[in-house]
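Hydrogens, waters and symmetry mates play no part in the numbers below; they use all other heavy atoms, side chains included.
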Amino acid sequence: MGLEDASWTGDASAVDLNADGWQDLYILNMQGSDQYYENDQGRRFVRKSREYFPRTPWGSMGIQVFDWDSDGLLDLYVTDMHSI
């Protein structure tokens with residue numbers, strides 16, 4: 001499926017961030033940058049971390065997906081241990 005992630009993760013979230021009907025995957029990394037994998041219509045996951053998230057927390061601990069600003073789009077809320 002194209003998922004090759006060796007990070008030290010404590011949480012991940014399946015969410016359709018690009019609104020194509022397929023669940024993508026956002027993976028936290030407690031000892032590095034987070035990773036985002038886009039679902040390619042159920043065939044594979046493609047890492048697009050820096051394309052969509054050029055800067056992520058370094059040392060994430062938890063994630064929530066919800067519509068924080070009530071605009072009808074899902075938002076990510078990521079807790080961070082030690083930003084750089």
Got more than 12 heavy atoms from elsewhere within 6.0 Å of CD, Q23? yes
Taking OH in Y77 as the centre, count heavy atoms belonging to other residues, nucleotides or ligands within less than 6.0 Å. Is the count above 12? no
Please determine whether residues [X] and [Y] belong to a single hydrophobic cluster, defined as Ile, Leu, Val, Met, Phe, Trp and Tyr linked transitively by side-chain heavy-atom distances below 4.5 Å.
X: F53; Y: W58; value: no
X: L28; Y: L74; value: yes
X: L73; Y: L76; value: no
X: I27; Y: F45; value: yes
X: Y52; Y: V15; value: yes

Closest approach of [X] to [Y] (non-hydrogen atoms, all atoms of both residues):
X: I63; Y: D11; value: N-OD2, 3.3 Å
X: T79; Y: G62; value: OG1-N, 2.8 Å
X: S60; Y: V78; value: OG-CG1, 3.4 Å
X: G42; Y: M1; value: O-CE, 3.7 Å

Heavy-atom distance under 4.5 Å between the side chains of Q35 and K48, does that happen here? no
For the atom pair OG (S7) and CE (M30), what is the distance rounded to the nearest 0.5 Å? 8.5 Å
How many angstroms lie between atom CG of D20 and atom CD of Q41, to the nearest 0.5 angstrom? 7.0 Å
Got a donor-acceptor contact below 3.5 angstrom from the N39 side chain to the W22 backbone? no
Tell me, with the steps shown, if V65 and D75 meet side-chain contact (heavy atoms from CB on, under 4.5 Å). CA-CA 6 Å; V65 178; D75 301 301; over 6 Å; no
Evaluate the criterion side-chain contact (heavy atoms from CB on, under 4.5 Å) for residue pair T9 and N29; output intermediate values, then yes/no. CA-CA 5 Å; T9 185; N29 186 351; 5.8 Å; no
Determine the interplanar angle of the Y36 and Y26 rings, folded into 0 to 90°, and report it as parallel if under 30°, tilted if 30 to 60°, perpendicular if over 60°. tilted
Assess the residue pair R44 and E38 against the criterion (side-chain contact (heavy atoms from CB on, under 4.5 Å)); give the C-alpha distance rounded to whole Å, side-chain angles, the decisive distance to 0.1 Å, and a yes or no. CA-CA 8 Å; R44 64 191 176 118; E38 196 170 86; over 6 Å; no
Could you walk me through whether D24 and D16 pass the side-chain contact (heavy atoms from CB on, under 4.5 Å) check? CA-CA 5 Å; D24 308 312; D16 185 11; 3.7 Å; yes
